[in-house]
Amino acid sequence: MTKRKVNKQAGKGSARFEGRARLLAWYARERRDLPWRRTSDPFAIWISEAMLQQTRVEAVIGYWERFLARFPDIRTLAQAPEQDVLSAWSGLGYYRRARALRAAAQAIVERHGGEFPRDAELVRELPGIGPYTAGAVLSIAFDLPEPLVDGNVARVLARWFAHEADAVATQKWAWERARELVPQRAGAGEWNQALMELGATVCTPQRPRCETCPVARSCAALAQGAVARIPRPKVRPEPVDVELVAWVVERRGAILMEQRPAEGRMAGLWQLPTVQVAPVRPELFPARLTVELEPGPELGVERHAITRHRIRMVLRRGELGRASLPERLRWVPREETLRLPLTGMARKSLARAFGLGKRAPGG
DNA sequence: AAGCCGGGGAA
DNA sequence: TTCCCAGGCTT
């Protein structure tokens, strides 16, 4: 009777508890063998989390391995020239992450003696580390009882509890839920990763695999037939069509390269000298170069996408007169171009025009 | 609260 | 093609 009562009490939240145990068991069984799951080094885990911001696992793996080979610890990263760090990041996108990573490494050396702090408040004060990344490193590397919410967790929890709301409200709601659910004694890291893993491999945005889901029997959205409409899709900004010309200018085995300004998008990265020809008001690139080029034949057309911009880029050969070069333009020997921090567009263009480095840098 | 930042893999 | 990703920062 007492026993029965206790069970009944537990039964109130039993769907939650039962689901939790099943999820953890499923994760222990099915989790992917990702390289950053083979280490407990907070630095290595931090790097993985920074790279995984808005970036898929498959895109990150190679970058993570090369980055750690090049910058094995916090002090090495803190002392590295910014261009070296950007170069290791070249092609991953969101380059502010790379600059913030280096700045945060320097802050950790200065404020925390080079040791990654174990205090949530101190971690949150580091550049590039927001609520998600702080929770991830603290829970995964140190098993501290910190919650986290990313796109996966928000979706999984919203479906699990059938919380119908727009993306912003869902995210906020999910943080409260995650805070309640995260194990307080031990296993926070496993729990957080289990939630994310479920979202990444089973409880996917489209066509979730509910028939193989370990928490299907306690999923409120599934019971209500509401899985497909939770969470509500985000309204996306209108795409903008942009036309560019990228100049291919050669001289004695060297290629004319342009460095982007230190501020703004893709700051400090290198590209083929590029101008925007449409729309008339330049949104991505300046409308003219700082030197005059004699136009030559067209070499090809490429498509790119940068945030909401859909780009059509014409590669055109050009000739440079005897003009003196401004600071931003530099002759770079062919083989050395790949060591620069190139934009993804530049990487593809060099591959097309010269057959250089079809794959990611340093690989 | 809303806008912005890169690139790519999967459907 | 479209979608959206182990988000964070700025305004």
Side-chain angles (χ1 to χ4, degrees), chain A residues 31-32 34-37 45-64 86 89-101 103-104 123-137 139-141 146-156 166-169 171-172 174-175 178 189 191-201 203-209 231 233-240 242 260 263-267 269 271 283-284 302-311 341-348 359-361:
Chain A
R31 66 183 219 161
R32 293 168 290 175
L34 304 176
W36 44 88
R37 287 182 175 161
I45 291 170
W46 170 35
I47 301 303
S48 75
E49 294 301 340
M51 289 184 168
L52 286 162
Q53 289 168 13
Q54 295 295 287
T55 310
R56 291 174 189 279
V57 164
E58 311 81 57
V60 165
I61 292 176
Y63 279 91
W64 183 83
L86 283 175
W89 208 268
S90 167
L92 248 194
Y94 289 116
Y95 297 99
R96 189 168 57 186
R97 294 183 292 176
R99 296 164 162 258
L101 213 47
V123 172
R124 279 295 313 275
E125 288 170 0
L126 297 169
I129 299 190
Y132 166 77
T133 306
V137 178
S139 68
I140 297 171
E146 293 291 331
L148 63 76
V149 172
D150 69 340
N152 290 312
V153 175
R155 182 175 59 255
V156 167
D166 61 67
V168 175
Q171 196 88 4
K172 187 172 154 69
W175 270 103
W191 170 250
N192 286 336
Q193 291 184 86
L195 282 173
M196 292 192 284
E197 188 81 348
L198 189 70
T201 63
C203 194
T204 49
Q206 278 97 24
R207 307 186 45 154
R209 300 159 178 81
K234 225 179 282 186
V235 283
R236 302 191 173 282
E238 197 74 4
V240 177
V242 173
R260 298 183 57 83
E263 304 288 326
R265 51 174 68 85
M266 299 174 277
L269 270 70
Q271 60 188 13
E283 308 196 54
L284 285 179
E302 297 170 3
R303 309 266 172 190
H304 305 281
I306 296 181
T307 64
R308 69 176 193 282
H309 306 278
R310 294 183 304 208
I311 299 171
L342 299 170
T343 66
M345 290 188 292
R347 196 165 292 286
K348 282 198 264 180
R359 281 311 308 163

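Note on naming: letters A, B, ... go to the chains in the order of the sequence lines (proteins, then strands), and numbering restarts at 1 for each one. None of these values were measured; they are calculated from a predicted model. Computed from heavy atoms alone, side chains included, the values below leave out hydrogens, waters and symmetry copies.
- Of the two residues contacting DNA chain C, namely A/Leu34 and A/Arg124, the nearest-nucleotide position lying further toward the 5' end is that of A/Leu34.
- Residue contacts shown for A/Leu148 are absent, as no nucleic acid heavy atom lies under 4.0 Å away.
- Under 3.5 Å, the side chain of A/Thr55 and the base of B/dG7 form no donor-acceptor pair of N or O atoms.
- Distance A/Arg260 CZ to B/dG6 P: 8 Å, rounded to the nearest Å.
- Within the 4.0 angstrom heavy-atom criterion, base atoms lie near A/Arg32.
- Residue contacts shown for A/Thr343 are limited to sugar-phosphate atoms, with no base heavy atom under 4.0 Å away.
- Place A/Val168 and A/Leu269 on DNA chain B by their nearest nucleotides, and A/Val168 ends up nearer the 5' end.
- Spacing between atom CG of A/Leu86 and atom P of B/dC5 amounts to 17 Å, rounded to whole angstrom units.
- For the pair A/Leu92 CG and B/dG7 P, the computed distance is 10 Å after rounding to whole Å.
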Should A/Arg265 and A/Thr307 be marked as a side-chain hydrogen bond (donor to acceptor under 3.5 Å, both in side chains) after you check the CA-CA gap, both sets of side-chain angles, and the distance that decides it?
CA-CA 10 Å; A/Arg265 51 174 68 85; A/Thr307 64; over 6 Å; no
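- Across all strands, A/Pro233 comes closer than 4.0 Å to no nucleic acid atom at all (heavy-atom distances).
- For A/Ala134, the side-chain contact (heavy atoms from CB on, under 4.5 Å) test picks out A/Val123, A/Arg124, A/Ile129, with sequence neighbours left out.
- Using a 4.0 Å cut-off, no side-chain N or O of A/Lys172 falls inside it from OP1 or OP2 of B/dA1.
- Toward the 5' end of DNA chain C, the nearer of the two residues A/Leu126 and A/Arg236, judged by each one's closest nucleotide, is A/Arg236.
- With both ends at atom C1', the span from C/dC3 to B/dG6 equals 15 Å, rounded to whole Å.
- Residues satisfying the side-chain contact (heavy atoms from CB on, under 4.5 Å) criterion with A/Ala178, sequence neighbours excluded, are A/Pro147, A/Val149, A/Leu157.
- For the pair A/Gln206 CD and B/dG9 C1', the interatomic distance rounds to 13 Å; values are reported in whole Å.
- Of all nucleotides in DNA chain C having an atom under 4.0 Å from a heavy atom of chain A, the first and last in 5' to 3' order are C/dT2 to C/dC9.
- Residues satisfying the side chain to side chain donor-acceptor pair (under 3.5 Å) criterion with A/Thr343, sequence neighbours excluded, are absent altogether.
- Per the geometry, NZ belonging to A/Lys348 stands 14 Å off P belonging to B/dG6, to the nearest Å.
- A/Ala136 comes within contact range of no nucleotide atom at all, as no heavy-atom separation falls under 4.0 Å.
- Separation of the P atoms belonging to B/dC4 and C/dA6 is 23 Å when rounded to the nearest angstrom.
- Among the protein residues, A/Leu198 comes within range of no part of the nucleic acid, since none of its heavy atoms lies under 4.0 Å from any strand.
- Among the heavy atoms of the strands, none lies under 4.0 Å from A/Met51.
- In terms of the ring-ring contact (aromatic ring centres under 6.0 Å, His included) criterion, residue partners of A/Trp64 (sequence neighbours excluded) are, by chain and number, A/Trp36.
- Two residues, A/Arg56 and A/Thr307, neighbour DNA chain B, and the one matched to the more 5' nucleotide by heavy-atom proximity is A/Thr307.
- Put simply, CZ on A/Arg308 is 16 Å from C1' on B/dG7, counting in whole angstrom units.
- Looking at heavy-atom distances under 4.0 Å, A/Pro237 makes no contact with the nucleic acid at all.
- At whole-Å resolution of the value, CZ in A/Arg99 and P in B/dC5 are 15 Å apart.
- Within 4.0 Å (heavy atoms only), A/Arg303 reaches no atom of the nucleic acid at all.
- For the OP1/OP2 pair of B/dC4 and a distance below 4.0 Å, the side-chain nitrogens and oxygens of A/Tyr94 include no atom meeting the criterion.
- Looking at residues two or more places apart in sequence or on another chain, you find no side chain to side chain donor-acceptor pair (under 3.5 Å) involving A/Tyr94.
- Put simply, the side chain of A/Thr55 gets close to the backbone of A/Gln53: a donor and an acceptor are under 3.5 Å apart.
- Contacts of A/Gln54 with the nucleic acid, taken as non-hydrogen atoms under 4.0 Å apart, include base atoms.
- When the shell of 6.0 Å around CZ of A/Arg207 is examined, it contains 12 or fewer heavy atoms from other residues, nucleotides or ligands.
- Between B/dG8 and C/dC9, the distance separating the two C1' atoms is 23 Å to the nearest Å.
- No side-chain heavy atom of A/Met266 sits under 4.5 Å from any side-chain heavy atom of A/Gln271.
- Atom pair A/Arg96:CZ and B/dG3:P shows a separation of 16 Å (rounding to whole Å applied).
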